[in-house]
Amino acid sequence: MKKVLITGGAGFIGNHVVRLFIKKYPDYQVYNLDALTYAGNLENLKDVEQSENYHFLKGDINDSLYLDEFFSKHQFDGVIHLAAESHVDRSISDPLAFVKTNVFGTVNLLNAALKIWKGNLEDKLFYHVSTDEVYGSLGETGYFLETTSYDPQSPYSASKASSDHFVRAYQNTYKLPIVVSNCSNNYGPYQFPEKLLPLCINNIKHNKSLPIYGKGENIRDWLFVEDHARAIDQIFHQGKVGETYNIGGFNEWKNIDIVKLLCSIMDRKLGRETGTSEKLITYVTDRAGHDMRYAIDASKIKAELGWEPSLQFEEGLEKTVDWYLQNEDWLNNVTSGNYQDYYSEQYQN
Ligand code: NAD
Ligand code: TYD
């Protein structure tokens with residue numbers, strides 16, 4: 001593999017994947033295609049942007065003419081597709097934006113890849129990065145397996161499920177070599193502060209309330225973002241074409257417990273009296289259609305590819321908090337401007 005296209009490389013997970021590929025594969029040419037929406041930020045790749053094997057291209061996956069030209073010019077050997085609208089709350093206010101990028105955009109990319117690879121599919125790969133949310137919501141027991149039926153419950157997960165179906169349909173119909181992975185909730189450096197953990201880190205810093213939806217009893221399975229990037233690397237290089245791999249942290253937390261843990265770490269790091277940040281916790285109206293529990297069974301990727309999470313959760317969370325405290329400028333930049341409007345609209349204050 002020489003020319004790899006990574007879409008959404010300026011986003012949270014994408015920047016970790018781009019960085020890993022640039023550093024680990026100096027003989028590859030790594031192309032990052034990103035529209036730089038509110039969630040994409042070239043600051044995320046400042047440390048590697050001068051690398052000789054890295055190329056950034058600002059472009060929208062909804063623009064099929066641009067994609068066709070771009071693919072025919074660069075003749076990629078592989079695609080790792082991460083570009084998406086990714087926040088459930090935004091999908092509740094604007095579902096069509098999710099249909100557009102996550103469904104139409106993905107089909108545009110599939111078409112562009114198919115056009116240049118047709119007749120020569122050997123050693124090509126279209127890797128679609130998806131989410132565990134496509135499987136729906138679990139009760140108190142059970143896990144999502146690769147064979148679990150899709151049952152998406154939010155506009156976000158419905159759009160991701162639809163894109164997964166298109167990707168598999170392109171393999172079945174046109175023999176496009178594909179692979180799909182479905183990962184649990186990621187956390188770590190460079191996550192946009194609309195998602196639970198960075199939002200709470202930012203609010204604790206500024207002594208603002210910590211909005212917990214409903215009773216805070218919903219459960220998520222958390223994975224450090226660099227471990228997800230490692231899994232993507234392994235699946236891209238060693239995964240079997242046509243397969244699905246679930247990726248998870250074996251690490252379930254109730255929202256209220258994870259926020260309390262975060263509060264205690266923040267108190268210690270900020271030199272505040274124990275219990276100070278917890279007082280900021282405020283229960284707010286629940287998210288509409290809020291999925292109760294996600295939990296991944298990641299035994300297939302462990303057995304077949306030898307991947308497993310490398311970090312204990314507490315260690316990963318400490319690293320994450322340190323990163324946000326050391327990167328105040330980044331946090332201030334991304335929370336200026338439009339973020340304030342989003343925040344007031346979402347949390348009505
Ligand atoms: P993100 O929102 O942080 O980043 C998305 C990136 O895609 C941004 O850089 C944005 O500019 C870009 N983008 C959006 N629309 C685009 C368009 N039309 N054309 C080109 N680029 C566009 O998302 P993330 O959290 O990094 O997630 C990346 C992928 O991983 C998504 O497909 C998401 O569904 C999946 N995923 C995320 C998580 C998670 O916990 N964050 C978990 C599992 C799977
Ligand atoms: P989030 O980070 O948005 O990820 P996802 O919805 O994809 O799992 O939310 C994680 C959990 O935290 C989810 O159960 C919703 C909850 N949550 C809150 O309680 N308050 C908030 O302000 C946010 C953003 C999320």
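One-based numbering, in listed order, for ligands and for the atoms of each.
Between His55 and Tyr31, the ring planes are parallel. Angles under 30° get that label, and only those over 60° would be called perpendicular. By the 30° and 60° cut-offs, the orientation of the rings of Phe21 relative to Tyr25 is tilted.
When only non-hydrogen protein atoms are considered, atom 40 (O) of ligand 1 lies nearest to Asn186 N, 2.9 Å. With respect to atom 29 (C) of ligand 1, the closest heavy atom belonging to the protein is Leu82 O, 3.2 Å. Scanning all protein heavy atoms for the shortest distance to atom 25 (O) of ligand 1 gives Phe12 CD2, 3.7 Å. Among protein heavy atoms, atom 16 (C) of ligand 2 sits closest to Asn255 ND2, 3.4 Å. Shortest contact from atom 8 (C) of ligand 1 to any protein heavy atom: Asp34 OD2, 3.6 Å. The protein non-hydrogen atom at the shortest distance from atom 22 (O) of ligand 2 is Tyr347 OH, 2.6 Å. Here the heavy atom of the protein found nearest to atom 8 (O) of ligand 2 is Arg220 NE, 2.7 Å. Distance from atom 7 (O) of ligand 2 to its nearest protein heavy atom, with residue and atom name: Glu133 OE2, 2.6 Å. Closest to atom 4 (O) of ligand 2, if we only count protein heavy atoms, is Asn185 ND2, 3.4 Å. Counting protein heavy atoms only, atom 21 (N) of ligand 1 is closest to Ala35 N, 3.1 Å. From the protein, the heavy atom lying nearest to atom 25 (C) of ligand 2 is Tyr213 CE1, 3.6 Å. Of the protein's non-hydrogen atoms, the one nearest atom 5 (C) of ligand 1 is Ala84 O, 3.4 Å. Remark: minimum distance from atom 26 (O) of ligand 1 to any protein heavy atom is reached at Ile13 N, 2.8 Å.
Side-chain N/O atoms of Trp253 and Asn251 include a donor and acceptor closer than 3.5 Å. Side-chain polar atoms of Asp291 and Tyr294 form a donor-acceptor pair below 3.5 angstrom. For the residue pair Ser86/Lys195, the side-chain donor-acceptor check at 3.5 Å is satisfied.
For a threshold of 3.5 Å applied to N or O pairs, the pair formed by Asn185 and ligand 1 contains no separation below that value. Inclusion of Cys183 in the set of residues having an N or O under 3.5 Å from an N or O of ligand 1 is not warranted. Residue contacts with ligand 1: Glu85 is placed with no nitrogen or oxygen under 3.5 Å of a nitrogen or oxygen of the ligand (distance criterion only). Below 3.5 Å of separation, one finds no N or O of Thr131 facing any N or O of ligand 1. Residue Ser130 has no nitrogen or oxygen atom sitting less than 3.5 Å from a nitrogen or oxygen atom of ligand 1, judged on distance alone.
Taking each of Arg287, Lys254, Glu194 in turn, the one with a heavy atom nearest to atom 3 (O) of ligand 2 proves to be Arg287. The heavy atom nearest to atom 20 (N) of ligand 2, out of those in Gly216, Pro211, Pro193, is found in Pro211. For atom 15 (N) of ligand 1, the nearest non-hydrogen atom from the set Asp63, Thr106, Thr101, Asn15 belongs to Thr101. Considering His87, Lys160, His228, Glu194 only, the shortest heavy-atom separation from atom 32 (O) of ligand 1 involves Lys160.
Each of the atoms 2 (O) of ligand 2 lies under 4.0 Å from some heavy atom of Lys195. Distances below 4.0 Å separate heavy atoms of Ser86 from the following atoms of ligand 1: 1 (P), 2 (O), 23 (O). Here is the list of ligand 1 atoms found below 4.0 Å of a heavy atom in Asn62: 18 (N). Shown in contact with Val129 at under 4.0 Å from a heavy atom are these atoms of ligand 1, numbered in order with element: 30 (O), 32 (O). Less than 4.0 angstrom separates some heavy atom of His290 from each of these atoms of ligand 2: 13 (C), 14 (O), 15 (C). In summary, the atoms of ligand 1 found under 4.0 Å from a heavy atom of Leu36, numbered by their order in the structure, are 11 (O). For ligand 2 and Ile212, the ligand atoms under 4.0 Å from any heavy atom of the residue are 19 (O). Here is the list of ligand 1 atoms found below 4.0 Å of a heavy atom in Gly59: 19 (N), 20 (C). For ligand 1, the atoms closer than 4.0 angstrom to any heavy atom of Asp60 are 17 (C), 18 (N), 19 (N). Taking a cut-off of under 4.0 Å to the non-hydrogen atoms of Val88, the atoms of ligand 2 that pass are 6 (O), 7 (O).
Separation of the His237 and Tyr127 ring centroids does not fall under the 6.0 Å cut-off. Residues Tyr156 and His87 place their aromatic rings such that the two centres sit no closer than 6.0 Å. A distance of 6.0 Å or more separates the ring centres of Tyr66 and Phe71. Separation of the Trp307 and Tyr245 ring centroids does not fall under the 6.0 Å cut-off. In this structure, Tyr170 has its ring center no closer than 6.0 Å to that of His128. Aromatic ring centres of Tyr339 and Tyr38 lie farther apart than the 6.0 Å criterion allows.
No continuous path of hydrophobic side-chain contacts links Leu20 to Leu5 [ILVMFWY only; heavy atoms under 4.5 Å].
The shell of residues lying under 4.0 angstrom from ligand 1, judged by heavy atoms, excludes Gly9. Contact between Tyr156 and ligand 1 is present, with at least one heavy atom of the residue lying under 4.0 Å from the ligand. Residue contacts with ligand 2 include His87, since one or more of its heavy atoms lies under 4.0 Å from the ligand. Heavy atoms of Thr7 stay at 4.0 angstrom or farther from ligand 1. In this structure, Ala10 is part of the shell of residues with a heavy atom less than 4.0 angstrom from ligand 1. The shortest heavy-atom distance from Tyr156 to ligand 2 is not under 4.0 Å.
Asn102 places no side-chain N or O within 3.5 Å of a backbone atom of Ser159 that could act as its donor or acceptor partner.
Using a 4.0 Å cut-off between heavy atoms, Leu196 contacts ligand 2 through both its backbone and its side chain. With a 4.0 Å heavy-atom cut-off, ligand 1 is reached by the backbone of Ile61 and by its side chain too.
Ionic pairing of Glu308 and Arg230 is not present here: no N-O contact between side-chain nitrogen and carboxylate oxygen is shorter than 4.0 angstrom. Comment: Asp68 engages Lys115 in a salt bridge, judged by a side-chain N to carboxylate O separation of less than 4.0 angstrom.
Listed here is the closest heavy atom pair of Ile204 and Leu280: CA-CD1, 4.0 Å. A pairwise comparison of heavy atoms in Pro198 and Tyr324 identifies CB-OH, 3.5 Å as the closest pair. Of all the heavy atoms in Ile61 and Leu109, the pair that sits closest is CG2-CG, 4.2 Å.
Remark: Lys215 fails to qualify as a cation-pi partner of Tyr283 under the 6.0 Å distance and 45° angle criteria applied to the six-membered ring. Remark: Arg19 fails to qualify as a cation-pi partner of Tyr54 under the 6.0 Å distance and 45° angle criteria applied to the six-membered ring.
Applying the salt bridge (charged side-chain N to carboxylate O under 4.0 Å, His left out) test to every pair with at least one member in residues 79-105, sequence neighbours left out, gives these pairs: Asp89-Arg287, Arg90-Glu194.
Leu223 CG to Glu226 CD: the interatomic distance, rounded to the nearest 0.5 Å, is 10.5 Å.
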